[in-house]
Structures are given as C-alpha cells and as structure tokens.
J.: 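Below are the structure tokens for one structure; questions will follow.
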Amino acid sequence: MNKEQIIVTAAQMREIEERIFAAGMPVAALMEKVAGLISQRIQKLFPTKQRVGILVGPGHNGGDALVVGRELHWRGYEVWIYAPFSKYKELTAQHLQYVKSLDISCYENIEDLPSCDFLIDGLFGFGLEREITEPIAAAISYFNASNTPIISIDLPSGIHTDTGAILGTAIQATYTLCLGLWKQGLLQENALDYIGKAELIDFDIPLAYIYAVLGESPPVKRITTATALTSLPLPRPLITHKYKQGHLLLICGSRRYAGGAIITGLGARASGVGMLSIAVPESIKPLLVSHLPEALIIGCPETETGAIADLELPDNTDLHSFSAIACGPGLTKDTTAIVQQVLASKSPLVLDADGLNVLAQLGTIPTLQKRQAVTVLTPHTGEFHRLFPEISYTDRVQAVQTAAAQSGAVVLLKGARIAIANPQGIVWINPESTSALARGGSGDVLTGLLGGLIAQSENKFAIEDIVATASWWHSQAGILAAQERTELGVDAFTLTQYLIPALSRGRKKKTEVTEVAGVTE
Ligand SMILES: NC(=O)C1=CN([C@@H]2O[C@H](COP(=O)(O)OP(=O)(O)OC[C@H]3O[C@@H](n4cnc5c(N)ncnc54)[C@H](O)[C@@H]3O)[C@@H](O)[C@H]2O)[C@@H](O)CC1
Ligand SMILES: [K+]
C-alpha cells in the first residue's frame, strides 16, 4: 500500500509513533530526521536566503520547528524565534536552550517581533486537544493578518486533527507539510480555508507498524490517481461485445429539466459503457436523440407537468435486465411511483437529485431495507440532511459512515472534499477538487459517469471503489478544465468533454510515477 492513501486520526498516529519508539528509535533522532526533511523542503520552497520567523509551541511540534529553525540558520537564513510559553516538553526545551546559545533572537511578545519574509508554524500539531486561548489566539490573528506566507508543520495550528474543526482560531497556512501520514482533519471541509497547499513529508514509517495499528486494509482511505485507476474497466478484454461491456439505464429528465438528461447521458457516454438506454418523457425524446445518437432513447408516457408518468420499456426488457440503473437528475418530484419501481428492481442503482428527494419522502432507511441489490446515494449536504435528518454532518467522515451503516447503501457526500462510505465502515475521501464544479449540472455528469462504471464492473470491483474512481475522475476533469479555461469556464457540458482528456492525463501521470519511483501498489 502507498502511504499517500493512508489517513490517520491523532490517536492512531500516536499509537504508530509509540510503536516506533518502543522498537528502539530514539525520540530525539526521529525529530532530527523529520525536521531535516522539513528544512530541506522549505529550502526548495524558499531557495533565496530570507528572513524567517519560527513559531514555537510547547510540544514536539514546537521541537520540530526549533530544529528546522536551527538548520535554516546554519544554511544562511536570518532566523528569529517566537516562543511565548512558560513550559515546554523536555526535548523542545533542550532545543530552545540550544538555539538561544546560537546567534538567534528569541521573543515572547508579538510586539517585539521583527519583520520577516515567511513564517514556520510549529505552535501545535496533533497534540492540540482543546481550544486555543489568549494570548496565543491573538498572536495567531496577528500572524494571519501579517500577509506573510506561513508554512505549517504537520497541521495548521488550531485545526482538530480528526474533524478539521477550528479550535477557537487557527493559522491560515500557505503550505502544510503533513508528517508521515495524512491526518484526517486535513481532508475535512472545515479545514480547507486554512491548509493552503498540502503535501506529505514521508519519513519512512515501517508499514508493519502502520498495519499493526490500522489493520492491513485501513478503513479510511485517501483516493489517489493510482487507487482510482485500479477500479476502471480497463484494459478491455480482447474478445467482447457491447452487452458484455455493461448496459446502463438512465432514468432522468422532464419537460422542465430536459438539459439534465442530456448532461447525465454525456457523463455516461464518457464511461465507455457498452450500451446506454435513457428513459425520458416522450416529448423530449427528439432532443436526446440529437445529442446522444448512439444511445437508445426510450420515450415514456408523461404527466401533464411533463414528468415521466410510466416506465414503458421496450419489449422483452424489464428493469432486472440492466447491469445498472441511474435515476434522478431532472425528474421532478412527480415521479414517486417511478422511483418506487426502480427501488424494487434487483439491479444496482444510483439515486441522485430528485431520486433522493423522493426517497427521503418515502422514508430513507425503511425503504432501503427492502432493497435486494446495491444502492448508491449521491447527496449534497441539503439532500443528505433530508435523507438522514438525525445525522449531524459537522464531521463528514463520521456522517457518511453512519448514513451508510444505517441505510445499507453506499453513500457519497458531495462537497469540496467528497467522502464515500460503504455500510461496513470503509471510507474513501477525495483530496482534490475545484470550486469550478460548484455549478448546475456537474452532479448530473457524475451520476451518468458513475452509472456507466458500475454497469461495466461485472462485480469485479467493490462498489465503493468504483464510486471513488468516479469521484476522482469527475474532479480531475473539473481541475483540468479549470486549468485550461479558468474556474469560470467549466459548465457541465464542458465538463463532460474533459472527462476523457482527464483520464488520459491520469493514466500518463501514473505511468510516469511508476517509472520514476518503481512504485508498485
Ligand atoms: N508522530 C510522529 O511520529 C512524530 C511527531 N512529531 C511532531 O510531534 C507533534 C506532536 O507532538 P506533541 O504530542 O508533543 O503535541 P503538540 O506539539 O501538537 O502539542 C502538544 C502540547 O500542547 C499543549 N496543548 C494542547 N492544546 C493546547 C492549547 N489549546 N493551548 C495550549 N497548550 C495546549 C499540550 O499540553 C502539549 O504540551 C507532531 O504534530 C509532529 O510535529 C515529530 O517530532 C516526529 C515524529
Ligand atoms: K503546526
């Protein structure tokens, strides 16, 4: 397993650390090694010798910062230290004493601090356990307001290691250099505004110690390009035919929301699914045919309001014959009977948008308990709240875990950091996205894409892994489109056109990484 995909809580990191120390690694030696790596990285980020302020907290995060400060001092940077606490852990106190013996100025009050070109934040790491109080809170506000780039060691000080909550106040970092393993809080939306650009500093934690604490397949994982690519229906078998490559049924659209059906269809098209059928109200069938000439468009009888009134499938087909069904975008709420019918089918089902609203009205948990096949729900926070009104979603990881466990469905909670859980507690978090995707229709693209991938999977992959792959693919398309067209240029149609280029780029990146590092995962 690649360390980039592992996520830990503070308690887990502490346990892993204790195993390293118990095995004989001296605490001071590990700090020296870690801080050496941090200082090398900082010299790459700020290569010209500059003035740097080091913010030192009472624990080993402060110790790391002091060692980094000392190293930068010897490398020619002009260093000063801000160490405002009255008590420090022993190792940190020793480093503080040593740097004071060098030609490095130490201060306890922010009023006395000289100016600098960048700051290193070693106030608190994963040992922060309560709200930050004065005078440190005021100092943090002062540094945030100073417009000076800040490099946070491990986590921006003030971020809860697990939930990402802001404990009173927090450093707004420009870079976060996370140590050893990704901390869960850095993948929670609450913390996003504070993290800046985050990267992992790998300090060679033996996998055996990680497995001893997390198990050989850790339940909470971070989606990477490598993990996403493993659940794709690629390469295709040499001998195959269209029905062997999955048959997806999309049920979507209404006279009012015809575009949603087109966008969902275009998302499904990019998945490569062998056969695509799209059930829409009769009156919008010609529109769908013109945009998706390869798809089988099923024109259904419609209500007066232009919603699907009846699922009229072609002869000899019933819902069970599809490899997967995706239902919801643009349906309107007048489709309760349709959604009920789909829920009663034995095909894997993706429910989104109005499909979720109808499910919430029917009663999420009792309705899903009757399902005999896999269900994937893809709510945004508003829909999540309607589906699971009892579940608080301040900790999004816990929220999806609870929702999946209670409903028996795989739940994908949309947002800047998508979290996906299966009923057994496995969680995937998507660490990369772009706010360019906060736009009408981009969820429809995901529904189509996801449906198409599930239809092709033939039970080869765990369903939550496919959902994670779809989420990665979708956000990578958004990122690529935003890079080329700015964040304003990523309308849902454009997004569908970037799915295949984003996939090609991801596959190329993976090959390059493997060649350079010889990584096998
Ligand atoms: N896990 C590892 O393997 C390694 C960890 N290292 C560093 O050690 C850090 C963890 O060190 P610690 O456990 O000492 O924890 P921290 O340095 O995060 O801080 C804990 C200290 O802050 C105090 N504290 C907690 N909340 C406070 C608050 N609100 N106001 C004032 N004081 C508060 C605690 O009493 C304790 O003294 C990591 O984040 C990392 O920077 C590295 O030195 C080396 C390797
Ligand atoms: K920190």
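In listed order, ligands and their atoms are each counted from 1. Heavy atoms only: backbone and side chains are in, while hydrogens, waters and symmetry mates are out.
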J.: Given Cys178, Gly158, Gly127, identify the one with the heavy atom nearest to atom 20 (C) of ligand 1.
T.: Gly127
J.: Does Glu18 pair with Arg14 as a salt bridge, N-O distance under 4.0 Å?
T.: no
J.: Provide, to 0.1 Å, the distance between atom 23 (C) of ligand 1 and the closest protein heavy atom, together with that atom's residue and name.
T.: Pro58 CG, 3.9 Å
J.: List the closest protein heavy-atom neighbour of atom 39 (O) of ligand 1: residue, atom name, distance to the nearest 0.1 Å.
T.: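 In this structure, atom 39 (O) of ligand 1 has Asp154 OD2, 2.6 Å as its nearest protein heavy atom.
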J.: Backbone or side chain, does Leu155 get an N/O/S atom under 3.4 Å to the K ion (ligand 2)?
T.: yes
J.: How about Ile205 and Ile16: do any of their side-chain heavy atoms sit closer than 4.5 Å?
T.: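 Ile205 reaches Ile16 side chain to side chain.
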J.: Within the structure, is a non-hydrogen atom of Tyr88 found at a distance of less than 4.0 Å from ligand 1?
T.: no
J.: If you measure from each non-hydrogen atom of Glu131 to ligand 1, which part falls under 4.0 Å: side chain, backbone, both or neither?
T.: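 Backbone only.
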J.: Atom 34 (C) of ligand 1: which protein heavy atom is closest, and how many Å away?
T.: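 Scanning the protein heavy atoms, the shortest distance from atom 34 (C) of ligand 1 goes to Glu129 OE2, 4.4 Å.
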J.: Does Asp64 approach ligand 1 within less than 4.0 angstrom via side chain, backbone, both or neither, non-hydrogen atoms only?
T.: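 Answer for Asp64: side chain.
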J.: What do you get for the angle at the K ion (ligand 2) between O on Phe124 and OD1 on Asn61, to the nearest 10 degrees?
T.: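 O of Phe124 and OD1 of Asn61 make an angle of 70° at the K ion (ligand 2), to the nearest 10°.
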J.: Could you tell me whether some N/O pair between Ile20 and ligand 1 is separated by less than 3.5 angstrom?
T.: no
J.: Would you call the rings of Phe388 and Phe384 parallel, tilted or perpendicular if under 30° counts as parallel and over 60° as perpendicular?
T.: tilted
J.: Can you check whether a protein heavy atom sits less than 4.0 angstrom from atom 36 (C) of ligand 1?
T.: no
J.: Short check: any N/O/S atom of Gly122 below 3.4 Å from the K ion (ligand 2)?
T.: no
J.: With respect to the K ion (ligand 2), please indicate if Ser152 possesses an N, O or S atom at a distance under 3.4 Å.
T.: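 False for Ser152.
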J.: Is there side-chain contact between Trp182 and Leu200, with heavy atoms separated by less than 4.5 Å?
T.: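 SC-SC contact between Trp182 and Leu200 confirmed.
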J.: Measuring only between side-chain heavy atoms, which start at C-beta, is Leu232 closer than 4.5 Å to Leu453?
T.: yes
J.: Do Arg41 and Glu199 sit within salt-bridge range, that is, some charged N less than 4.0 Å from a carboxylate O?
T.: yes
J.: Quick test: of every protein heavy atom, which one is nearest to atom 4 (C) of ligand 1, and how far off is it to 0.1 Å?
T.: Glu17 OE2, 3.4 Å
J.: Answer with yes or no whether the side chains of Glu484 and Tyr498 bring together a donor and an acceptor at under 3.5 Å.
T.: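 The answer is yes; a qualifying pair exists.
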J.: Nearest non-hydrogen contact with atom 33 (C) of ligand 1 belongs to which option: Phe124, Phe203, Phe85?
T.: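 Among Phe124, Phe203, Phe85, the closest heavy atom to atom 33 (C) of ligand 1 belongs to Phe124.
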J.: Between Gly125 and ligand 1, is there a nitrogen or oxygen pair with a distance under 3.5 Å?
T.: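 Yes, Gly125 has an N/O under 3.5 Å of an N/O on ligand 1.
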J.: Check step by step if salt bridge (Lys or Arg N to Asp or Glu O under 4.0 Å) holds for Asp204 and Lys33.
T.: CA-CA 10 Å; Asp204 306 322; Lys33 169 168 176 151; 2.7 Å; yes
J.: Does any donor atom in the side chain of Asp444 or Thr447 lie under 3.5 Å from an acceptor atom in the other side chain?
T.: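 Side chains of Asp444 and Thr447: no pair found under 3.5 Å.
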J.: Evaluate the criterion salt bridge (Lys or Arg N to Asp or Glu O under 4.0 Å) for residue pair Arg70 and Glu32; output intermediate values, then yes/no.
T.: CA-CA 11 Å; Arg70 188 199 68 208; Glu32 202 65 29; 2.3 Å; yes
J.: Does Lys33 have a non-hydrogen atom less than 4.0 Å from ligand 1?
T.: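 Not so, Lys33 does not reach ligand 1.
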J.: Just need the protein heavy atom nearest to atom 44 (C) of ligand 1, so name the residue and atom and give the distance.
T.: Val34 CG2, 3.9 Å
J.: For atom CD of Glu111, is the number of surrounding heavy atoms from other residues, nucleotides or ligands below 6.0 Å larger than 12?
T.: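 Yes, CD of Glu111 has more than 12 neighbouring heavy atoms, counting only those of other groups under 6.0 Å.
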J.: Show, in sequence, the C-alpha distance, side-chain angles and deciding distance for Lys49 and Asp117, and conclude whether the salt bridge (Lys or Arg N to Asp or Glu O under 4.0 Å) test is met.
T.: CA-CA 10 Å; Lys49 311 294 178 230; Asp117 301 306; over 6 Å; no
J.: Before accepting this row, confirm whether a basic side-chain N of the pair Glu4/Arg222 lies closer than 4.0 Å to the acidic partner's carboxylate O.
T.: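 Looking at Arg222 together with Glu4, the answer is yes, because their closest N to O distance falls below 4.0 Å.
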J.: Is the K ion (ligand 2) less than 3.4 Å from an N/O/S atom of Ile153, whether that atom is in the backbone or a side chain?
T.: yes
J.: Please state which option from Leu179, Asn61, Val27, Leu123 has its nearest heavy atom closest to atom 17 (O) of ligand 1.
T.: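 Looking at heavy atoms only, Asn61 sits closest to atom 17 (O) of ligand 1.
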J.: Just to confirm my output: which protein heavy-atom neighbour is closest to atom 12 (P) of ligand 1, and how far is it?
T.: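 Looking only at protein heavy atoms, the one closest to atom 12 (P) of ligand 1 is Lys89 NZ, 3.5 Å.
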J.: If only side-chain N and O atoms count, and only distance matters, is there a donor-acceptor pair under 3.5 Å linking Asp395 with Thr163?
T.: no
J.: Is it the case that the ring center of Phe118 lies less than 6.0 angstrom away from the ring center of Phe46?
T.: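 Yes, the ring of Phe46 comes within the 6.0 Å limit of the ring of Phe118, centre to centre.
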J.: Which of the numbered atoms in ligand 1 are under 4.0 angstrom from any heavy atom belonging to Leu128?
T.: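 Once the distances to Leu128 are compared, the set is 18 (O), 25 (C), 26 (N), 27 (C), 28 (C), 29 (N).
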J.: What protein heavy atom lies closest to atom 13 (O) of ligand 1? Include the residue and the distance to one decimal.
T.: Arg14 NH1, 3.0 Å
J.: Mind checking whether Gly57 has a heavy atom under 4.0 Å from ligand 1?
T.: no
J.: If you have a sec, work out which protein heavy atom is nearest atom 45 (C) of ligand 1 and how many Å separate them, to one decimal?
T.: Leu30 CD2, 3.6 Å
J.: Is the K ion (ligand 2) less than 3.4 Å from an N/O/S atom of Asp121, whether that atom is in the backbone or a side chain?
T.: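 Coordinating: yes.
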